[in-house]
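Note that these values count all heavy atoms, side chains included, but never hydrogens, waters or copies made by symmetry.
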Amino acid sequence: MDSQTSQPSQAPQSPHTFQVDLRGLVDLLSHHLYSSPKVYLRELLQNAVDAITARRAEQSDAPATVRLYAEGGALRVEDSGVGLTESDVHNLLATIGRSSKRNDGLETARSDFLGQFGIGLLACFVVAERIRVVSRSARTPDAAPVEWTAADDGSYTVRTLPHEARIEPGTTVHLVARAGAGEWLSEERVRSLARDFGSLLPYDVRVGDEVIADLPAPWDRPHPSPATRRVALARHCHDLFGFTPLESIDLDVPLAGIRGVAYVLPSAVSPAQRAGHRVHLKGMLLTERAEQLLPDWAFFVRCVLDTDSLRPTASRESLYEDETLAAVREALGERIRAWLTGLAAGDPERLAAFLSVHYLGVKSLARHDKEMLRTMLPWLPFETTDGRLSLEEFAQRHPVVHFTRTVEEYRQVAPIASAQGIGVINGGYTYDSELIEALPSVRPGTAVSELDADTVTAHLDAVDPAEELALSAFLAAARARLDPLGCDVALRAFHPLSVPALHLDDRAARHEQARAEAEEQADDLWAGILGSLRGSAPRARLVLNHLNPLIRRISSLSDPELIGTATESLYGQALLMAQRPLRPADSALLNRAFIGLLEWATHTDPGKDDRR
């Protein structure tokens with residue numbers, strides 16, 4: 001009999017529904033999604049404003065009022081919005097993640113609403129154990145008012161009320177503070193939060209009898225003159241950010257639905273410091289710490305603006321990074337760029353005042369914007385051997401624009417190069433070398449060259465061959481002493497006479513020196529690897545000034561040991577003058593040379609008697 005293998009039957013399984021622990025979800029919201037319990041009031045205002053917006057989409061003349069009453073640890077928020085039916089309450093208030101903005105044919109108008117995630121009311125559980133909502137629908141006038149009461153354990157009840165319980169359409173939310181949260185529902189705190197979140201809301205919002213909305217926005221208010229407007233905006237900045245701005249820049253980008261102002265900081269800040277900007281979404285404050293709103297180079301301003309195009313995250317405390325935000329960032333950057341260009345063309349005094357504080361931000365912009373670099377050439381300051389000049393002024397004075405890549409290199413060569421008539425720019429500061437190298441692209445015909453040790457040495461006068469031959473023994477002794485340090489000795493004549501010696505090297509020589517030191521300290525394996533990386537970079541050199549009286553006296557010495565000690569002293573002094581960081585070997589040399597000179601200065605010939 002053939003045996004057959006039977007397969008177990010696969011009975012269809014019914015789907016299961018996720019169970020939500022509301023208390024755990026509230027804890028998640030309060031500790032992770034929202035930065036502070038204060039957002040509960042923003043969510044209440046947002047729901048009220050959206051309800052009014054929905055009603056006005058169907059009844060343009062409908063009342064637009066929001067009233068907040070705080071007393072004795074309880075809060076009541078009333079709005080004249082679209083209201084809810086009993087069916088709405090079950091479908092919307094009791095379903096996490098479902099927003100009324102996705103229902104009732106309003107999907108196409110979602111851009112008119114602030115909240116789009118369906119979790120707003122949950123924020124109230126952060127400060128209250130129970131939420132009570134009484135609502136009457138404007139869309140279904142015959143429907144009875146409905147009451148929805150929810151607890152933070154996830155339970156809720158719904159009941160209809162007599163028609164006289166609420167005559168007009170709209171919604172009222174009742175909160176009673178949970179233990180320890182009473183301060184958040186106090187009248188003073190509610191008023192403060194309402195002002196902060198709702199000062200630009202387009203509807204009649206009041207706490208008690210006090211009007212909250214402060215319209216038109218500060219940047220849209222009329223003023224008798226530009227000067228009075230600047231004063232008013234400066235006062236607004238001080239009230240908002242705590243500083244009096246250096247300048248105010250209008251941020252009007254109609255295509256992105258943006259109106260606002262950028263305030264220029266009165267003092268310099270680090271480019272690494274993240275700026276916090278205030279962003280209102282359709283009048284409601286979204287965040288005070290929007291960091292990605294402007295390009296990185298615009299770190300010298302703080303913005304406050306209102307927009308209807310940007311997309312908030314689920315917590316509505318930051319902006320969602322998408323193509324719209326990228327386009328807005330570029331548009332705002334262009335607005336600030338246009339302001340700078342306008343100052344350069346029409347108000348050089350204000351531009352100079354601005355650049356004296358924030359030149360670093362403009363240099364950062366000019367690195368990637370050739371037109372901005374061309375515009376700012378007469379204005380951006382650089383440290384040069386001719387003083388603090390712009391690139392335009394320096395290029396007019398010198399046929400070749402020499403520069404160094406590090407501050408240390410500049411300090412090495414600046415005094416000597418200046419005395420020889422060589423103009424040098426210090427390119428060691430942030431962005432400077434990049435801008436100098438970009439100079440020919442915006443100023444055709446300009447020659448730019450990095451200054452190295454060979455270039456400086458070539459500009460120093462050679463010593464008469466006969467005189468140098470006569471000093472060959474001295475030079476040999478000096479070279480022998482510095483050879484272990486990877487440094488050559490050269491004799492030149494140069495100005496200023498007060499400089500006895502000049503230490504010259506370049507980055508390649510320093511890299512080779514660092515590699516050699518690492519090779520000496522490494523084990524056999526790493527020493528072999530580092531040895532294979534040995535380069536042919538030129539060695540550092542100590543250039544002795546034949547015109548200096550001290551060098552002339554030292555070069556007349558005959559004692560090789562004393563010549564070596566003097567050479568080490570000159571080497572150490574040249575390093576210190578260049579403000580170079582000292583290696584352990586350099587520090588040991590300086591100490592050895594100092595002790596050697598003391599011994600030489602106090603030496604007593606034992607063949608002679610002491611004279612009293």
Side-chain angles (χ1 to χ4, degrees), residues 45 191-207 209-254 256-269 275-290 293-294 298-310 328 331-358 361-362:
L45 285 175
R191 182 181 295 109
S192 174
L193 293 178
R195 285 175 184 160
D196 202 30
F197 287 121
S199 62
L200 300 184
L201 288 175
Y203 301 138
D204 180 8
V205 181
R206 305 189 185 197
V207 176
D209 296 327
E210 182 175 336
V211 177
I212 295 302
D214 188 17
L215 297 176
W219 47 85
D220 287 330
R221 294 172 189 170
H223 295 278
S225 69
T228 55
R229 184 175 187 272
R230 282 198 296 269
V231 171
L233 288 177
R235 187 181 305 113
H236 174 249
C237 176
H238 189 274
D239 293 342
L240 205 61
F241 293 114
F243 65 85
T244 300
L246 194 64
E247 294 283 347
S248 300
I249 308 170
D250 285 323
L251 301 178
D252 186 3
V253 188
I258 286 178
R259 289 283 294 160
V261 62
Y263 293 117
V264 179
L265 292 165
S267 56
V269 294
H277 309 291
R278 289 177 63 96
V279 177
H280 294 257
L281 181 61
K282 304 177 186 69
M284 181 75 72
L285 178 65
L286 180 69
T287 177
E288 302 171 278
R289 299 184 302 276
L293 186 66
L294 294 181
F299 54 83
F300 50 84
V301 298
R302 297 292 180 270
C303 295
V304 53
L305 55 83
D306 188 25
T307 176
D308 59 15
S309 63
L310 297 179
V328 166
L332 294 180
E334 181 58 39
R335 185 65 194 87
I336 298 174
R337 185 186 291 107
W339 173 79
L340 286 170
T341 304
L343 286 187
D347 202 337
E349 290 186 1
R350 286 172 65 197
L351 177 63
F354 167 78
L355 289 178
S356 67
V357 179
H358 295 299
V362 179

Intermediate values then yes/no, side-chain contact (heavy atoms from CB on, under 4.5 Å), L240 and C237 | CA-CA 5 Å; L240 205 61; C237 176; 5.8 Å; no
List the steps and the verdict of side-chain contact (heavy atoms from CB on, under 4.5 Å) for L310 and T307.
-> CA-CA 7 Å; L310 297 179; T307 176; 3.9 Å; yes
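You'll find the side chain of E288 reaches within 4.5 Å of the side chain of L285, heavy atoms only. Using a 4.5 Å cut-off on side-chain heavy atoms (C-beta onward), V261 and V304 make contact. Residues L200 and D214 form no side-chain contact, since every pair of their non-hydrogen atoms from C-beta on lies 4.5 Å or further apart. In this structure, L294 and I336 have side chains that are in contact, with non-hydrogen atoms separated by less than 4.5 Å. Between L265 and H358 the shortest side-chain heavy-atom distance falls below 4.5 Å. A 4.5 Å side-chain heavy-atom check between L305 and V253 finds every atom pair outside the cut-off. With contacts defined as side-chain heavy-atom distances shorter than 4.5 Å, the pair V205/V211 does not qualify. Between D347 and E349 the shortest side-chain heavy-atom distance falls below 4.5 Å.
Within the 3.5 Å criterion, the main-chain N or O of W219 finds a donor-acceptor partner in the side chain of R229. Between the side chain of R302 and the backbone N or O of H277 there is no donor-acceptor pair closer than 3.5 Å.
Nearest heavy atoms, S248 versus L233: OG-CB, 3.9 Å. Listed here is the closest heavy atom pair of A262 and C303: CB-SG, 3.7 Å.
Using a cut-off of 4.0 Å between Lys/Arg side-chain N and Asp/Glu carboxylate O, R195 and E210 are scored as salt-bridged.
Between L332 and the options V301, I249, L251, a side-chain contact (heavy atoms from CB on, under 4.5 Å) holds for only L251. The salt bridge (charged side-chain N to carboxylate O under 4.0 Å, His left out) test with R259 singles out one residue from D252, D250, D306, and that residue is D252.
Using the six-membered ring where Trp is involved, F241 and Y263 have ring planes that are perpendicular, over 60° apart on the 30 and 60° scheme.
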